[in-house]
Amino acid sequence: MTHPNHPQPDLSRGRPYLAIPGPSVMPDRVLAAMHRAAPNIYAGALPDMVAAMWPDLRAVAGTAHHVAAYIGNGHAVWEAANTNLFSRGDTALVLATGRFGLSWAESARALGVSVEVMDFGKSSPMDLIRVQERLAADKGHVIKAVLTTHVDTASSIRTDIPALRAAMTAAGHPALLAVDCIASFGCDEYRMDDWGVDVTVAASQKGLMTPPGMGFVWFSEEARQRCATSDLRTPYWDWRARAQPTEFWQYWDGTAPTHHLFGLREALTMILHEEGLENVWARHEALARSVWAAFDAWGAGHSRIGLNVADPAHRSRAVTAARLGAPDATRLRDWTEHQAGVTLGIGLGMAAMDDPAWHGYLRVAHMGHVNAHMTLGALAVMEAGMVALDIPHGPGALDAAVRAMILG
Ligand SMILES: *Cc1c(COP(=O)(O)O)cnc(C)c1O
């Protein structure tokens, strides 16, 4: 589409930028590390490298306890967590703040877990008073585990995990706490042990900057013991040998994902040993702030445009969900992808895909291997698209984005 008064050249040539919440941008170093001949899987460099990687995987999660790895995506590690946590007929309480908690619940229900969902909608943080009341009412301690998302990637709501754990403690309830960190891992601050989390799940293709295909389940010693007899566990999903292998093949219950591992090694080095985890979190925070400031400026006087989550304390630092009014979100995404080389995320779960309102939502990812010029560039391209498409918007968004990024 071109502006009627100014036919535009194709501005999309150059390196494309996929700014969707996973798969995320992969560093060239990660890709280069994978470009090699097949390694010996019985001895030598690969087994040595993997043994040395497990402490790094624990460090990113903030745990001193166990980690089991799987060849699979996010859905795979939901199932891994569910089968190890539960026996048939056990009860799970799922706290949903968007789309992904509901999907984790569906996975558990399909396996034979009795699932109760507390759905807090698509734009608000969970109501921890209600959670506390619900747990306090479970006098027989039927609920074995609480499942939730740290960041729900559809709504971009971030849950205050320490506050959730405090509510569980205040209710005097012994349920295990299991958290989906697939969107937030390596982006948003997360401290599994300090925050009292029993099970954490994450996958390779978001903050870990590595191709889709590996997933991880970290679990506390408490979870290990209390789930020792879980009968939904099947041999492939069993976390026990994976977390404490005596032979190399047991890490993955079969052939290791050799090339993914070389990529992940490089990514962990970049995150932990070069940039440093706290700096990684601070970078995501600054990038997120710039995106929020841009939307606030675009939306001033234009109420069709706005962020999905009102309170910054409850917003993800990895992805931002926003509305632009239908059909302008879809028009803008099409323009930025085809005319400017930036692919933005679709709105997920905010409206049904066959509802015209669906075309009013989009998401901007700022997840993983992303720096200032990428996020500011994506925002500038969005503004260019609004100009090209005559989408009414407030002024000063780029200035506001720069100030928010630099001044906080
Ligand atoms: C991406 C994501 C998933 C699903 O991961 P897949 O690899 O697509 O199966 C689950 N939960 C959250 C929070 C996610 O961001």
Side-chain angles (χ1 to χ4, degrees), residues 18-26 60-61 69-83 85 92 94-111 117 119-120 122 125-126 146-161 164 177-190 192 197 199-218 237 257 260 263-264 267 284 288 308-309 314-321 343-350 361-368 370:
L18 186 69
I20 71 171
S24 67
V25 175
M26 289 172 283
V60 182
Y70 298 86
I71 293 181
N73 57 17
H75 285 67
V77 287
W78 279 337
E79 188 157 332
N82 289 336
T83 58
L85 274 165
V94 175
L95 309 176
T97 55
R99 175 65 236 159
F100 287 85
L102 299 175
S103 300
W104 198 1
E106 281 159 24
S107 162
R109 195 175 284 123
L111 288 165
V117 175
D119 188 346
F120 297 94
K122 299 181 171 109
M126 62 184 64
V146 171
L147 314 183
T148 197
T149 48
H150 184 213
V151 163
D152 190 294
T153 324
S155 64
S156 71
I157 294 168
R158 186 174 74 168
T159 293
D160 184 342
I161 299 296
L164 170 58
L177 174 57
V179 181
D180 171 349
C181 290
I182 297 169
S184 55
F185 200 75
C187 305
D188 276 273
E189 179 178 359
Y190 187 73
M192 177 170 169
V197 177
V199 173
T200 299
V201 301
S204 52
Q205 77 271 25
K206 298 185 183 179
L208 288 177
M209 317 186 295
T210 306
M214 289 182 298
F216 306 94
V217 180
W218 294 258
W237 295 114
H260 276 71
L264 181 63
H284 283 85
N308 185 45
V309 184
H314 300 299
R315 291 180 194 152
S316 165
R317 274 57 174 168
V319 56
T320 296
T343 302
L344 301 169
I346 60 169
L348 196 64
M350 304 304 288
Y361 300 97
L362 54 71
R363 290 173 300 160
V364 183
H366 27 91
M367 167 187 283
V370 180

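Just so it is clear, the model here is predicted, and its values are computed rather than measured. Note that ligands are numbered from 1 as they come in the structure, with each ligand's atoms numbered from 1 the same way.
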Checklist line | Ring centre gap for F185 and W218 strictly below 6.0 Å | finding: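 For F185 and W218, the ring centres are under 6.0 Å apart.
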Next item on the list: Would you tell me whether T320 and H366 have side-chain atoms, one donor and one acceptor, within less than 3.5 Å of each other?
Entry: yes
Ligand 1 atoms in contact with [X] (distance to a heavy atom under 4.0 Å):
X: W78; result: 10 (C), 11 (N)
X: A183; result: 13 (C), 15 (O)
X: Q205; result: 6 (P), 7 (O)
X: D180; result: 10 (C), 11 (N), 12 (C), 13 (C)
X: V151; result: 13 (C)
X: T153; result: 12 (C), 13 (C), 14 (C), 15 (O)

Item checked: Ring geometry between W78 and W104 (parallel below 30°, tilted from 30 to 60°, perpendicular above 60°) ->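 W104 and W78: parallel rings.
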Item checked: Shortest protein contact, atom 1 (C) of ligand 1 (heavy atom only) ->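 Residue, atom and distance for the closest contact: K206 NZ, 1.4 Å.
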Item checked: Residue of the set E189, H150, M192 for which side chain to side chain contact (heavy atoms under 4.5 Å, CB included) holds with I161 ->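 Among the candidates, only H150 passes.
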Margin query: Please give me the minimum heavy-atom distance between Q205 and P211, naming the atom from each residue.
Written below: CB-C, 4.1 Å
Margin query: With respect to G74, determine whether any N or O atom, backbone or side chain, lies less than 3.5 Å from an N or O atom of ligand 1.
Written below: yes
Notebook entry, point to check: Backbone or side chain, does any N or O of H75 fall under 3.5 Å from an N or O of ligand 1?
Noted result: yes
Margin query: I'd like to know if the side chain of D152 and the backbone of I157 have a donor-acceptor N/O pair within less than 3.5 Å.
Written below: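 No; judged by distance alone, with no hydrogens or angles, the pair does not exist.
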Notebook entry, point to check: With a 4.0 Å cut-off on heavy atoms, is H150 touching ligand 1?
Noted result: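 So H150 does not count as touching ligand 1.
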Notebook entry, point to check: Out of K206, R158, R315, which one pairs with D188 under the salt bridge (Lys or Arg N to Asp or Glu O under 4.0 Å) rule?
Noted result: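 Testing each of K206, R158, R315 against D188, the sole residue satisfying salt bridge (Lys or Arg N to Asp or Glu O under 4.0 Å) is R158.
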